[in-house]
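One structure is given below, encoded as structure tokens.
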Amino acid sequence: MPRVASLHIYPVKSCRGIDVSNAQVDQYGFVGDRRFLIVTPEGQFITQRQVPVLATIVTELRDAVLRLSAPNRSPLDVSRFASHGTRQVTVWRDTMEADDCGDEPAAWLGGVLGFSVRLVRIGATYHRPVRPAKAMPGDVFSFADGYPFLILSEASLTELNDRIVERGADGVPMNRFRPNIVVVGCAPFAEDGWTRIRVGGVTLRNGGPCARCIITTTDQSSGERQGKEPLATLATFRRSPADPSDVNFGINLIHEIRSGEIRVGDEVEVL
């Protein structure tokens, strides 16, 4: 039976992630995952697609604070719960209300990135339903691109990297794909066909494939673009039948149980 090999959360969308041994589940997904977002002063979301150096901002969650660190900068602690008013923010086609984190983190992040930004977080008035085509009543999620969770298997990455090497390039690490759940013990791309799974008592259903973007070409340590891989190789065998301009790798998941815990080592039961 497949099992969980690793778990990952990303406290600030598009910044450095955190490897965890267990993760609690709430209505939005993994607790702490993509609960903060960097936006322009006008409220438009910012990611590594436009600003790859975001990968160099290290995140750490403590009881009451989010700690931000970056090269040549003193760390900054940001309250996970305080609000400095609300503002409208936009992620893709979704516009929602978020809590502003104040001037200090905005100035710190602006110093790292070189332009004016604001840091916002999910607050009491935040509401973002999953897109209607895949949603059921009550399905909501965080500042993630489109779904609460992303799952990938190590076997799928091995298959991809074998093909990349055959084309004369270097393979890529799992962190290029920023998954939440990584599994072992299944065939390559077996996860594509998992309609519903149960992990650690949490039931999740398939929300569809994850179409990949330029972030996968970004070194997650240096924040530098590394050429055309893995997108070039994915384009040779993972084009979307629905939209050939998309290349798919990994599966989006929507949780049907809004509480619980998933641990490294948990079995993945295919329902």
Side-chain angles (χ1 to χ4, degrees), residues 8-18 25-55 57 59 61 66 68 78 80 83-102 105-106 109-110 112-113 115-136 138-151 176-180 207-216 218 220 223 243 246 248-255 258:
H8 313 272
I9 62 173
Y10 308 88
V12 183
K13 184 178 178 68
S14 252
C15 292
R16 187 80 54 86
I18 301 172
V25 172
D26 68 6
Q27 61 183 346
Y28 299 118
F30 278 148
V31 172
D33 184 54
R34 297 174 174 94
R35 303 304 167 95
F36 290 83
L37 175 70
I38 300 170
V39 298
T40 66
E42 295 75 32
Q44 184 67 30
F45 80 125
I46 297 170
T47 73
Q48 289 183 39
R49 295 172 181 85
Q50 307 91 2
V51 189
V53 74
L54 284 170
I57 298 177
T59 59
L61 290 178
L66 163 74
L68 302 175
V78 181
R80 293 176 64 180
S83 175
H84 296 259
T86 60
R87 63 174 59 223
Q88 295 290 307
V89 300
T90 299
V91 180
W92 298 115
R93 293 171 293 177
D94 299 333
T95 298
M96 68 289 293
E97 194 168 79
D99 283 18
D100 191 276
C101 294
L109 288 164
V112 174
L113 302 177
F115 56 93
S116 295
V117 297
R118 303 297 298 185
L119 181 68
V120 300
R121 68 170 182 84
I122 291 175
T125 58
Y126 178 89
H127 181 69
R128 188 185 183 200
V130 174
R131 60 190 63 179
K134 299 289 184 178
M136 296 182 68
D139 287 343
V140 294
F141 70 116
S142 66
F143 293 125
D145 275 351
Y147 295 90
F149 299 90
L150 175 68
I151 192 169
R176 294 279 189 94
F177 303 99
R178 300 174 68 84
N180 295 113
C210 180
R212 291 304 179 168
C213 70
I214 196 171
I215 291 177
T216 61
T218 304
Q220 294 297 299
D243 184 351
D246 286 343
N248 297 330
F249 194 65
I251 294 298
N252 296 301
L253 296 173
I254 304 166
H255 52 314
R258 290 358 187 267

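Fair warning: this is a prediction, and the values are worked out from it, not measured in the lab.
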| Please walk me through it: do L54 and L113 pass side chain to side chain contact (heavy atoms under 4.5 Å, CB included)? | CA-CA 8 Å; L54 284 170; L113 302 177; 3.9 Å; yes
Query raised in the report: Under the salt bridge (charged side-chain N to carboxylate O under 4.0 Å, His left out) criterion, do R178 and D145 qualify, and how do the steps go?
Result: CA-CA 12 Å; R178 300 174 68 84; D145 275 351; over 6 Å; no
Any donor-acceptor pair under 3.5 Å linking the side chain of N252 with the backbone of L150?
no
Hits for side-chain contact (heavy atoms from CB on, under 4.5 Å) against T125, two or more places apart or cross-chain, chain-then-number order -> T86, E97, D99
Could you tell me if the side chain of P52 sits less than 4.5 Å from the side chain of I214, heavy atoms only? no
Subject >> Sub-4.5 Å side-chain heavy-atom contact between I254 and F149 >> reply: no
Between the CZ atom in F30 and the NE2 atom in H8, the distance rounded to the nearest 0.5 Å is 9.5 Å
- Query: Do F115 and I46 have side-chain heavy atoms sitting under 4.5 Å apart?
  - Reply: yes
Do side-chain atoms of R128 reach the backbone of S142 as a donor and acceptor pair under 3.5 angstrom? yes
Rounding to 0.5 Å, atoms OH (Y28) and CD1 (I122) come to a distance of 5.5 Å
**Item:** Residue pair F45 / T47, side-chain heavy-atom distance below 4.5 Å
**Value:** yes
Residues at least two apart in sequence or cross-chain that pass side-chain contact (heavy atoms from CB on, under 4.5 Å) with H84, listed by chain then number, are D100
Q) Has the side chain of Q220 got a donor or acceptor atom that lies under 3.5 Å from a matching backbone atom of T218? A) yes
* To do: Measure from the side-chain N and O atoms of R16 to the backbone N and O of A55, and report whether any donor-acceptor pair falls under 3.5 Å.
  => yes
I57 and C15 have their tightest heavy-atom pair at O-CB, 3.6 Å
- Item | Expected output: side-chain Y147 to main-chain F141 donor-acceptor under 3.5 Å | no
| Are any of the side-chain nitrogens in R258 or D139 under 4.0 Å away from the carboxylate oxygens of its partner? | yes
(message) Do K13 and I38 have side chains that approach each other closer than 4.5 Å (heavy atoms only, starting at C-beta)?
(response) no
Check: Under the 3.5 angstrom rule, does the side chain of Y10 hit a backbone N or O of N180 as a donor-acceptor pair?
Finding: no
**Item:** F249 and F177 aromatic centres sub-6.0 Å
**Value:** yes
Residue pairs passing the salt bridge (Lys or Arg N to Asp or Glu O under 4.0 Å) test with at least one member in residues 34-44, sequence neighbours excluded, are D26-R35
With a 3.5 Å distance limit and no angle check, can you tell me whether R80 reaches the backbone of G32 through a side-chain donor-acceptor pair? no
Nearest heavy-atom contact between P148 and D33 is O-OD2, 4.2 Å
To the nearest 0.5 Å, atom OG1 of T59 lies from atom CD1 of I18 at 4.0 Å
With L37 as partner, the option from V91, L119, V12 fulfilling side chain to side chain contact (heavy atoms under 4.5 Å, CB included) is V91
Report the C-alpha separation of R131 and D94 in whole Å, then their side-chain angles, then the decisive distance to 0.1 Å, and conclude whether the salt bridge (charged side-chain N to carboxylate O under 4.0 Å, His left out) test is met.
CA-CA 9 Å; R131 60 190 63 179; D94 299 333; over 6 Å; no
message = Using side-chain heavy atoms (C-beta onward) and a distance below 4.5 Å, is L61 in contact with I9?
response = yes
Side-chain donor/acceptor of H255 to backbone N/O of Q27, under 3.5 Å
yes
